[in-house]
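Before any comments, here is the structure.
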Amino acid sequence: MTSDTGASHISSRDNPLLKDLRKLAQDPGAYRKLGRIWLEGDHLCRAALARSVKPAIAVFSESFWPKAPAEWSMGAIKTVVVADSLLRDVSGLESPAPMGFVLDVPARPELLPDAPSVVLDRLQDAGNAGSILRSAAAFGFAQVIALKGTAALWAPKVLRAGMGAHFGLRLIEGVDPDVLDSLRVPLVATSSHRGDWLHKADLPHPCAWLMGHEGQGVSAALEARASHHIRIAQPGGEESLNVAAAAAICLHASGAALLAE
């Protein structure tokens, strides 16, 4: 490793940082072991900077480094330049990005009992989880509670699907259902077969929406906790909606109801 103009240069595949980046890019749970997150690509990095997140390390490919905007490296504690082939080897993407940030995993925030919330009950698909985070941020549900068994929220695929929403949310993950006892807002359970039709329902606000497992839906134990049960009309006759699509529809309806007040 060499250093000039404030940046360290890496040319060895066996560099410890590159070994960690490979783990972070390819293992969904690696961030829990290493205490760090890998943001790959300028979109996610811009989103982090826009929320005043200070990267621990800014990483650039050798070919991109001379063209990189100054604020990307100035915002980081440390800057590293990596041989193009080595950075491509790190990536978990078909088209690797020429830069990324390493962030420290945020400390788990304190649960806010009265905050509009989304509860993820054992969602398995990273794309669904990230898409729901994006909808939550868009429609004013700034607290997301991921129960045990849900996809790791800071995993690379969830980060990409979230498109930067992570940095505007309070993310509380890996918790038992009993944590919901602390909420003072009503719980609203989604269902494919019971409850009030969403387009006719008098939705409480603030509330906590319960979004369940892709195949099994919200667990019976959580359904029993809910004060409201909601289903979405599907005039086309399909049996059910993808959970991320259902979440977007429900959270939009809640947000629209608030704006109408």
In Å and rounded to the nearest 0.5 Å, what is the [atom1] to [atom2] distance from [X] to [Y]?
| X | Y | atom1 | atom2 | answer |
| --- | --- | --- | --- | --- |
| Gln143 | Glu110 | CD | CD | 9.5 Å |
| Ser135 | Ile249 | OG | CD1 | 9.5 Å |
| Cys250 | Ile132 | SG | CD1 | 10.0 Å |
| Leu210 | His229 | CG | NE2 | 8.0 Å |
| Ile145 | Leu111 | CD1 | CG | 4.5 Å |
| Leu44 | Arg160 | CG | CZ | 8.5 Å |

[X]/[Y] ion pair, N-O < 4.0 Å:
| X | Y | answer |
| --- | --- | --- |
| Asp89 | Arg13 | yes |
| Asp27 | Lys23 | no |
| Lys54 | Asp104 | no |

| query | After noting the C-alpha distance and the side-chain angles of Tyr31 and Leu24, does the key distance pass the side chain to side chain contact (heavy atoms under 4.5 Å, CB included) rule? | reply | CA-CA 6 Å; Tyr31 72 89; Leu24 292 171; 4.2 Å; yes
Does [X] reach the main-chain N or O of [Y] with its side chain, forming a donor-acceptor pair under 3.5 Å?
| X | Y | value |
| --- | --- | --- |
| Ser91 | Arg88 | no |
| Asp84 | Glu62 | yes |
| His43 | Met163 | yes |
| Glu173 | Ala146 | no |
| Asp176 | Asp178 | no |
| Glu214 | Asp125 | yes |
| Ser254 | His252 | no |

| field | Intermediate values then yes/no, side chain to side chain contact (heavy atoms under 4.5 Å, CB included), Leu49 and Phe101 | value | CA-CA 10 Å; Leu49 292 176; Phe101 286 163; 3.7 Å; yes
If hydrophobic clusters are built by linking Ile, Leu, Val, Met, Phe, Trp and Tyr wherever their side-chain heavy atoms come under 4.5 Å apart, do [X] and [Y] end up in the same one?
| X | Y | result |
| --- | --- | --- |
| Leu112 | Leu183 | no |
| Met211 | Val175 | no |
| Leu86 | Met99 | yes |
| Leu147 | Val118 | no |
| Leu133 | Ile37 | yes |

| task | Output, in order, the C-alpha distance, side-chain angles, deciding distance and verdict of side chain to side chain contact (heavy atoms under 4.5 Å, CB included) for Cys207 and Phe141. | result | CA-CA 9 Å; Cys207 69; Phe141 287 78; 4.2 Å; yes
| query | Would one find more than 12 heavy atoms of other residues, nucleotides or ligands at under 6.0 Å from atom CG of Asp202? | reply |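 Check fails, neighbour count at 12 or below.
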| query | Are there more than 12 heavy atoms of other residues, nucleotides or ligands under 6.0 Å from atom CZ of Arg32? | reply |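 Atom CZ in Arg32 is packed in, count exceeds 12.
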I want to check something: taking the side chain as every heavy atom from C-beta on, are [X] and [Y] in contact at a cut-off of under 4.5 Å?
| X | Y | result |
| --- | --- | --- |
| Ile10 | Leu18 | yes |
| Leu93 | Glu40 | yes |
| Asp121 | Thr150 | no |
| Val179 | Ile172 | no |
| Trp38 | Leu159 | no |
| Asp14 | Lys19 | yes |
| His213 | Leu123 | no |
| Thr190 | Arg231 | no |

| Quick one: salt bridge (Lys or Arg N to Asp or Glu O under 4.0 Å) partners of Asp196, sequence neighbours excluded? |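 Counting only residues at least two positions away or on another chain, Asp196 forms no salt bridge (Lys or Arg N to Asp or Glu O under 4.0 Å).
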Ignoring hydrogens, what is the shortest heavy-atom contact between [X] and [Y]? Give both atom names and the distance.
| X | Y | answer |
| --- | --- | --- |
| Leu153 | His166 | O-NE2, 2.6 Å |
| Ala165 | Ala137 | CB-CB, 3.9 Å |
| Val158 | Ala152 | CG2-O, 3.3 Å |

| request: Describe, in one word, how the ring planes of Trp65 and Phe60 are oriented to each other, choosing from parallel (under 30°), tilted (30 to 60°) and perpendicular (over 60°). | output: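 Judged by the thresholds at 30° and 60°, the geometry between Trp65 and Phe60 is tilted.
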| Check against side chain to side chain contact (heavy atoms under 4.5 Å, CB included), Lys200 and Leu198 | CA-CA 5 Å; Lys200 295 181 178 180; Leu198 176 64; over 6 Å; no
| Residue from Val59, Leu39, Val53, Leu103 passing side-chain contact (heavy atoms from CB on, under 4.5 Å) with Cys45 |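 Filter result, single survivor: Leu39.
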| task | For a side-chain contact (heavy atoms from CB on, under 4.5 Å) with Trp209, tell me which candidate from Ile230, Leu120, Val119 qualifies. | result |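 Testing each of Ile230, Leu120, Val119 against Trp209, the sole residue satisfying side-chain contact (heavy atoms from CB on, under 4.5 Å) is Ile230.
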